[in-house]
Amino acid sequence: MLLKTILICVMGFSFGILVSAGVFTVLFVVGLVPRFAGKTNTARCEVFYEECIIFGSLIACFFSVFPINGSLGEFMTQASFLCTLLLVIMGIFAGIFVGCLAIALAEVLDGIPIFARRVQLKMGLDIAIFSVAIGKVIGSLIYFIKGGFEP
């Protein structure tokens with residue numbers, strides 16, 4: 001029983017690192033942070049922006065895994081206006097970020113045919129892209145049909 005628990009913990013931690021590495025790689029490969037820094041003329045703060053993205057992701061993961069209980073949870077239910085305002089502000093920033101990420105990913109997709117020509121890939125690129133898309137759809141359906149990680 002202890003070995004099974006340890007194995008599940010190690011696997012969960014490993015898979016979490018794998019997924020987060022993929023997400024951060026996409027963010028940095030598309031050049032989203034340098035583009036924001038260039039547009040706002042704040043290139044000196046680029047490392048700070050990257051750290052904010054990483055720490056924001058860590059905090060969001062922490063709050064999604066561990067529910068808010070105790071006095072902080074009671075305060076948040078009593079201060080519903082403050083929490084609603086905070087959610088609206090976070091939603092606006094998250095929407096802006098997701099929109100910019102979608103635009104940056106669309107630009108990266110323009111580079112796939114160039115990459116295919118450079119590595120002289122004659123056949124199979126459409127099958128590879130289709131397979132990734134089908135895998136994401138199936139994984140999402142399983143996740144949402146089963147209700148996520150709820151017991």
Side-chain angles (χ1 to χ4, degrees), residues 1-38 42-77 83 86-87 89-151:
M1 184 67 178
L2 179 65
L3 184 62
K4 183 179 177 181
T5 304
I6 291 173
L7 182 64
I8 289 174
C9 289
V10 168
M11 286 176 57
F13 185 72
S14 301
F15 295 151
I17 288 176
L18 237 142
V19 169
S20 65
V23 169
F24 291 134
T25 300
V26 167
L27 289 178
F28 296 130
V29 165
V30 298
L32 196 63
V33 175
R35 185 172 302 167
F36 281 157
T42 56
R44 65 188 180 284
C45 301
E46 187 174 336
V47 174
F48 175 70
Y49 295 150
E50 292 172 356
E51 289 174 357
C52 285
I53 290 172
I54 292 170
F55 287 127
S57 299
L58 289 174
I59 290 169
C61 288
F62 180 78
F63 281 124
S64 69
V65 172
F66 301 108
I68 299 173
N69 294 328
S71 60
L72 182 60
E74 292 172 12
F75 170 75
M76 291 181 74
T77 56
C83 290
L86 183 64
L87 282 175
I89 292 170
M90 287 174 54
I92 290 171
F93 283 120
I96 291 170
F97 182 77
V98 168
C100 292
L101 182 61
I103 292 169
L105 283 174
E107 290 179 10
V108 169
L109 289 178
D110 294 338
I112 290 177
I114 297 168
F115 173 74
R117 278 194 305 260
R118 293 246 173 129
V119 298
Q120 299 174 349
L121 185 65
K122 303 289 182 202
M123 296 173 23
L125 184 62
D126 52 349
I127 295 171
I129 293 173
F130 185 70
S131 299
V132 169
I134 292 295
K136 293 294 282 181
V137 168
I138 291 172
S140 297
L141 286 174
I142 290 171
Y143 177 81
F144 288 115
I145 288 172
K146 290 185 72 173
F149 296 113
E150 296 176 1

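Residue numbers start at 1 and run along the sequence shown. Below, all heavy atoms of this structure are taken into account, side chains as well, without hydrogens, waters or symmetry copies.
Looking at residues two or more places apart in sequence or on another chain, you find a side chain to side chain contact (heavy atoms under 4.5 Å, CB included) between Ile89 and Leu85, Phe93.
Counting only residues at least two apart or on different chains, the side-chain hydrogen bond (donor to acceptor under 3.5 Å, both in side chains) pairs with a member in residues 43-52 are Thr42-Tyr49.
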With a cut-off of 3.5 Å and sequence neighbours excluded, list every side-chain donor-acceptor pair involving residues 5-14.
| from | atom 1 | to | atom 2 | distance (Å) |
| --- | --- | --- | --- | --- |
| Thr5 | OG1 | Met1 | O | 3.0 |
| Ser14 | OG | Val10 | O | 2.7 |

